[in-house]
There are 2 protein chains.
Amino acid sequence: MTRVLIVDDEPQILRALRINLIARRYEVETAADGSAALRQAADGSPDLVILDLGLPDLDGVDVIHGLRGWSSVPIIVLSGRAGNRDKVEALDAGADDYVTKPFGIDELLARVRAVTRRTVLYQAQLASVQIGEHMVDLTDKTVSGKVRLTPTEWHILEILLRNPGKLVSQRQLLTEVWGERYVKETHYLRQYMTQLRHKLEPDPAHPAHLITEPGMGYRFTP
Amino acid sequence: MTRVLIVDDEPQILRALRINLIARRYEVETAADGSAALRQAADGSPDLVILDLGLPDLDGVDVIHGLRGWSSVPIIVLSGRAGNRDKVEALDAGADDYVTKPFGIDELLARVRAVTRRTVLYQAQLASVQIGEHMVDLTDKTVSGKVRLTPTEWHILEILLRNPGKLVSQRQLLTEVWGERYVKETHYLRQYMTQLRHKLEPDPAHPAHLITEPGMGYRFTP
DNA sequence: TCATTCCTGACGGGTTCCATACGGCCCCGC
DNA sequence: GCGGGGCCGTATGGAACCCGTCAGGAATGA
């Protein structure tokens with residue numbers, strides 16, 4: 001069952017979306033403002049977020065950044081503003097789709113299907129992974145032993161662990177964790193990779209699982 | 001480098017998209033009708049398809065179905081028709097996004113980034129090739145055994161493997177890897193071909209898969 | 001205030017790439 | 001048969017780049 005978090009401050013739209021999604025057998029949670037959205041997303045870890053940009057408390061793009069700080073949940077943005085700037089900003093912040101109001105409910109549902117179709121695959125399985133002596137639990141966000149990871153560390157680690165054995169380019173990591181504009185800031189990555197290794201690898205100087213591929217990116221090998 | 005296949009029968013749009021994408025360092029291929037699109041997609045296995053629905057020969061949705069028959073390449077649909085029915089049909093056929101004309105080029109580029117951000121990581125187009133005793137996996141960027149390849153080695157090898165059995169000219173390799181200005185520097189190629197052979201061929205002195213065609217170029221034979 | 005996390009700059013060491021040189025093979029004309 | 005010129009494969013040294021690490025400061029929240 002796909003769990004959807006709807007974030008909107010207009011009760012009518014909220015209600016219409018809720019009814020239609022429940023009718024299609026989605027599990028629905030709702031939030032009326034940005035901070036509630038961030039809290040509930042962290043709490044419930046939904047499979048999809050439908051986010052209205054016109055929120056009373058926070059700027060919509062900040063909510064996207066907030067979510068992207070630790071999660072790669074798919075986000076569909078709703079907005080009354082049809083300007084190019086707004087769209088580009090939201091999409092580059094990490095949104096997966098941008099729908100302009102007014103919209104047909106059929107279109108939105110089709111876009112929900114399109115976005116989840118892509119991501120369901122990748123969300124699959126992988127509850128916990130062994131790295132060296134540590135067990136990393138992705139759903140609980142816990143590591144065995146006395147290891148604690150920061151939000152950014154989790155975010156990076158999740159991307160790597162969800163692609164076991166595959167090369168993940170620096171560009172991909174940087175855009176997903178920090179955003180499109182940070183593709184040049186490779187020293188962010190270097191910083192956090194050393195931290196992750198010191199927390200997880202048996203011998204951080206000679207990593208066995210979090211591998212560097214010079215000039216390309218990083219790879220998690222189980 | 002992300003390779004994009006643009007399918008559109010209007011030369012102006014084709015040209016505008018091509019210029020803008022190339023300026024953003026995408027590799028661009030174009031097709032003017034549906035059957036050419038399917039052929040070129042099968043041939044070049046692009047990383048993204050931008051598909052205009054108003055094609056002269058085939059119905060756009062049929063092109064989507066045709067692609068989805070064997071590929072999970074992301075598809076962004078362009079269309080002059082803004083009806084809900086059209087959108088739902090295209091998205092449910094397998095399109096990842098649906099953009100209505102007229103659209104801003106900035107928006108389209110942002111959507112391109114959004115879609116590829118998702119799919120570059122997770123699409124599993126099983127692309128692995130056997131060379132001698134080694135299995136080469138192009139999506140994971142791995143080679144069986146304790147073989148590791150550098151970025152430039154991967155770049156060259158990818159071009160050759162993408163054209164199995166075909167002759168690839170030195171000019172093509174040099175321009176794709178080093179750039180237009182380096183077509184004369186054939187010793188770069190010689191250098192890297194030996195390295196690749198030493199890493200992959202069973203008997204590097206008598207290559208069986210990475211073949212030299214004197215005066216012309218190189219060829220990968222499976 | 002303190003603690004945590006994130007950002008930023010700097011530096012040493014290692015890898016990768018560039019550049020040059022040299023030897024072998026083949027084809028060709030003499 | 002002989003020599004020369006392409007063309008190709010291989011070796012090697014140095015330059016450029018990339019990466020890991022340390023340290024300190026800014027921002028945030030308790």
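In this text, all values refer to a predicted model and were calculated from it rather than measured experimentally. Below, read A as the first sequence line, B as the second, and so on, with proteins coming before strands; counting in each chain starts at 1.
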Please list, by residue number, the residues of residues 176-187 of chain B whose heavy atoms come closer than 4.0 Å to an atom of DNA chain C; answer none if no residue qualifies.
-> B:W178, B:H187
Interface with DNA chain C, restricted to residues 191-201 of chain A and to heavy atoms under 4.0 Å |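 Correct list: A:Q191, A:Y192.
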To the nearest 0.5 angstrom, please state how far the CD1 atom of A:I76 sits from the OG1 atom of A:T116.
-> 7.5 Å
How far does CZ of A:R3 sit from OH of A:Y26, to the nearest 0.5 angstrom?
->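 So the CZ of A:R3 and the OH of A:Y26 are separated by 14.0 Å.
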Under 4.0 angstrom between [X] side-chain N/O and [N] OP1 or OP2:
{"X": "A:T150", "N": "C:dC6", "result": "yes"}
{"X": "B:Y188", "N": "C:dA19", "result": "yes"}
{"X": "A:R190", "N": "C:dT8", "result": "no"}
{"X": "B:T152", "N": "C:dC17", "result": "yes"}

Report yes if some heavy atom in the side chain of A:R197 is under 4.5 Å from a heavy atom in the side chain of A:H206; otherwise report no.
-> no
Main-chain N/O of A:Y192 paired to A:Q195 side chain as donor or acceptor, under 3.5 Å |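 Answer holds: no.
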Measure from the side-chain N and O atoms of B:S72 to the backbone N and O of B:R68, and report whether any donor-acceptor pair falls under 3.5 Å.
-> no
Thinking salt bridges, do B:R111 and B:E107 make one under a 4.0 Å N-O criterion?
->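 Looking at B:R111 and B:E107, the cut-off is met.
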Are any of the side-chain nitrogens in A:R18 or A:E29 under 4.0 Å away from the carboxylate oxygens of its partner?
-> no
Whole Å only: how far is the CG atom of B:L174 from the P atom of C:dC17?
-> 15 Å
Can you tell me the distance, in whole Å, between the CG atom of A:L38 and the C1' atom of D:dT28?
-> 15 Å
Among residues 210-222 of chain B, which contact DNA chain D at a heavy-atom distance under 4.0 Å?
->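 Under 4.0 Å from DNA chain D: B:T212, B:P214, B:G215, B:Y218.
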Check: [X]/[Y] side-chain N/O donor and acceptor closer than 3.5 Å:
{"X": "A:S35", "Y": "A:D57", "value": "yes"}
{"X": "A:Y98", "Y": "A:S79", "value": "yes"}
{"X": "A:Q172", "Y": "A:E176", "value": "no"}

Tell me what A:Q170 touches on the nucleic acid: a base, only sugar-phosphate, or nothing, going by heavy atoms under 4.0 Å.
->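 If one applies the 4.0 Å heavy-atom cut-off, A:Q170 turns out to touch the sugar-phosphate alone, with no base involved.
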